[in-house]
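Comments concern the structure below.
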Amino acid sequence: MPTTTWNRHHVLTLADFTKAEYDTVLQTAASFQEVLSRRTKKVPSLQGQVVANLFFEASTRTRSSFELAAKRLSADTLNFASATSSITKGETILDTAKTYLAMGTDIMVIRHREAGVPNAIAAEMDRLGVRVSVLNAGDGQHEHPSQGLLDLFTICSIIDPENPRLELLKNKKIAIVGDILHSRVARSNIWSLTASGAQVHLAAPPTLLPQLFADYVSDDGVGEVEGEIANSQSKIQNRNLFIHWQLEPALKDADFVMTLRLQKERMTAHLLPSLREYHQMFGITRSKLQLCHPNVKVLHPGPVNRGVEISSDLMDDPEFSLIQAQVTSGVAVRMALLYLIGSGKS
Amino acid sequence: MPTTTWNRHHVLTLADFTKAEYDTVLQTAASFQEVLSRRTKKVPSLQGQVVANLFFEASTRTRSSFELAAKRLSADTLNFASATSSITKGETILDTAKTYLAMGTDIMVIRHREAGVPNAIAAEMDRLGVRVSVLNAGDGQHEHPSQGLLDLFTICSIIDPENPRLELLKNKKIAIVGDILHSRVARSNIWSLTASGAQVHLAAPPTLLPQLFADYVSDDGVGEVEGEIANSQSKIQNRNLFIHWQLEPALKDADFVMTLRLQKERMTAHLLPSLREYHQMFGITRSKLQLCHPNVKVLHPGPVNRGVEISSDLMDDPEFSLIQAQVTSGVAVRMALLYLIGSGKS
Amino acid sequence: MPTTTWNRHHVLTLADFTKAEYDTVLQTAASFQEVLSRRTKKVPSLQGQVVANLFFEASTRTRSSFELAAKRLSADTLNFASATSSITKGETILDTAKTYLAMGTDIMVIRHREAGVPNAIAAEMDRLGVRVSVLNAGDGQHEHPSQGLLDLFTICSIIDPENPRLELLKNKKIAIVGDILHSRVARSNIWSLTASGAQVHLAAPPTLLPQLFADYVSDDGVGEVEGEIANSQSKIQNRNLFIHWQLEPALKDADFVMTLRLQKERMTAHLLPSLREYHQMFGITRSKLQLCHPNVKVLHPGPVNRGVEISSDLMDDPEFSLIQAQVTSGVAVRMALLYLIGSGKS
């Protein structure tokens, strides 16, 4: 493991991550990626510690990834799913968290359909003066920091597998395509990618773009979409973030294309005409990729609606698709986060 | 661990617990409480043994507590929840238990909505001549012995953390407030607390009090509520157990107040006028606590309906509330039970 | 463990199992059966490996058996149940499997309500050139190979516990009774038992018998039920497999009787008159067993509908019933399969 100073106690958002922190996560994840290629994939780092996965919103994929990361660090794991929980019995979410605290949980991995729940739990833990850490595993439409970090690690590792680091992305063009408005993945990725110095281009239908980007930019600047003409391009002031209402300008010469999951329930809210039309306009296909840099790679946080966000053949093409690599990176990055947060405790 | 003789093979009820057994559990739990404060919280006591949590009734809290206790003793755990079980396929509960027996389970932790199920499974295991132990994790309105023991441990540890023992409760006044009628927690607590020599005062609306107390008293005495006047007080013959239809006489000079969870479905059965009225009459608040001993502590088995059984601010006040301590004690007490039952096997 | 050559990477069907492979499984399971009788029932064989139970169809019994087998080999386990899965989110089954592959799963144990799903996943893993193994834990009405192997092991171990081997069954008469048509257990058992040289007699009502037996016989022969008269007996050409529409000729002098689970939903499809009538005609009772060899033993894959496939008293009679032994064998046989498949990986 890299010898580094890590002072962060919770991981709730990437908004305030420093470059040094990004690089620490990337280097630590690279070390664990190496561990995962060995015969014995376990390390004793968190032996005797308890990682509780408190998933108030169902997610087999993310839960399994955290569970496996914890087990490979030799932690004991507890799984909590809201379907079988006390939530239905009238207990508050903070009460549930405090129950797991009182049982001796060291790290809580929390997913909730409402934004801010992990922050509220972390604040309560701090108020109580306890050493329990909180990891945000996705909260509403707010953030999904471990996904942002695994996407970052996946991209940096493609460029330099031996030494993935933030500066590798400087001036790379990265397109984020799809339902930006509702995506916590997009929010976390925008923080990390703009921090890296990459040129970040968002492309979405106007109905799936946030009107204000205040959340995305630093204190010294606020960006708004100027004008209402399709294909307009607005540069966020002082930030390397660009907004598009059409796909093509975002794809042009892009080095990486991040597609976002489309929640089908958006259609029932009349935000979309049809999945077919969405795919025609914003779905990533082999022919549309011609616009990009020849070595372009495509990412998706999963689970993929094949033939909607991305064409089925492209998803399975290892020349272009990093989707499987993202899942693998997920375990390494979550091991890194649990390790960095947890190793200070024991 | 204390060197002690422990001959009990199952823990199904506290009705026949001896004082020596209570003290053995308290001392063993105290040892594990100390283990839980160390860096590495695991001990190898049950390595290679299998603890199966057979929860025919959902309970995340109790299941997690037993699961964690088993893992900290290095046992392997299996979780069974009825939603995904063969019960729906026509298999009987005894068949399910025998299947887990045949797989090699060493200890079965059983929760069921019907009273007597853990006893029936234990009787079947004994009839078969196998060494499997059964732990009752709550059966219907009958008993919840591990909860009774953790409440006992919590109270005794407050009085003497170094050496919790039954005699510490002699002549302490302990009020148990709320839905006594339907509470398995109350039943288990009444056994342990009356055994300790404490003065136990039950307070509940008449509709939530059992008419007969035959279950609660020893062979030499049966108590009944005499008269129907509110505020009447009946002494159970030969037992230090008192019954009240109003809260105040139970609280007067009490050293500990145990509140019980109110199942909201009781209202639909017309046993209660409204939650608001219940809270006014039997809810524990800061002002009502003025009646108690100045150092009074409040317990609740959880999950709490804030503002019903207990006011929200009181629940969070560490000066009065032992609710978090109860959860922590739960892991230590369940480790003690699994250890005492299981260490004879290996 | 026996020193043996084992080249099979997946276990999807027993159709192509060689005698040497059957014997290797039987010997390896016998070794693990011995391990399970020791104080410490764990071996480090699969330390650091991940076994993912992907159960797209619920089965507590089979999942627990595989989970326990994996844990006793010191593997880490991940459980996936479709209720909380991404399947509902539009991801395909292959995508789910590839996600678990990318996380670093070494062995996938797969159950699905549709025949062929484990084969499809195994084919995809092979196409990708990865070393992940697939174990079929029951697919539709196709096969349930680990059940077939545990039944085989149970029978052989009764005859010679020290050295269970295929040849022990030569010329033994084994009746398989019940819903042959819909039973994946029957299919797997027919492969292993006919391979052993046993005389295999199927007995079922005509509505619960497959019309063609092409699947069951080797390339050199196809059997069909000839005639439509009850009590007719057809010998499958070149195979030791016999078909009966009545129970008695199958039971006559039988050494083992395998009863099959009756899915109650078959009645709603008008394949059965009533459970009562089914029990009268095909249910195994003490008096019907008089037809069999005096030492006859009865098996059932579980869960049993007591009083339907088998009378309740017979099921619990250790002189006749092997049902508990089957469950115990299940853990040993699944340890053997995981060990044989997994030990080549590390």
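Lettering of chains follows the sequences in order, A, B, ..., and the numbering in each one begins at 1. Quick caveat, the model's predicted, so the values are computed rather than measured.
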### Query
For C/Asp316, is it the side chain, the backbone, both or neither that has a heavy atom under 4.5 Å from a heavy atom of chain B?
side chain

### Query
Taking atom types as modelled and ignoring hydrogens, do the side chains of C/Thr154 and C/Gln326 form a donor-acceptor contact shorter than 3.5 angstrom?
no

### Query
B/Thr77 versus chain C, heavy atoms under 4.5 Å apart: side chain, backbone, both or neither?
both

### Task
Could you please state which residues from residues 328-336 of chain C sit under 4.5 angstrom from chain B, measuring non-hydrogen atom to non-hydrogen atom, sorted by number, or 'none'?
C/Thr328, C/Val331

### Query
Under a 4.0 Å N-O cut-off, is there an ion pair linking C/Asp313 with C/Arg286?
yes

### Message
Which residues pass the side-chain contact (heavy atoms from CB on, under 4.5 Å) test with B/Leu128, not counting sequence neighbours?
### Response
B/Lys98, B/Leu101, B/Glu124, B/Val130

### Message
Filter on ring-ring contact (aromatic ring centres under 6.0 Å, His included), then keep only pairs touching residues 95-131 of chain B, sequence neighbours left out; what's left?
### Response
B/Phe56-B/His112, B/Phe80-B/Tyr100

### Message
Using side-chain contact (heavy atoms from CB on, under 4.5 Å), reason through C/Leu135 and C/Ile110 one step at a time and then give a plain yes or no.
### Response
CA-CA 6 Å; C/Leu135 263 167; C/Ile110 295 173; over 6 Å; no

### Task
Sequence neighbours left out, what passes side-chain contact (heavy atoms from CB on, under 4.5 Å) with B/Ala120? Give chain and number order.
none

### Task
Compute whether any side-chain donor of one residue and acceptor of the other, for B/Arg131 and B/His9, lie under 3.5 angstrom apart.
no

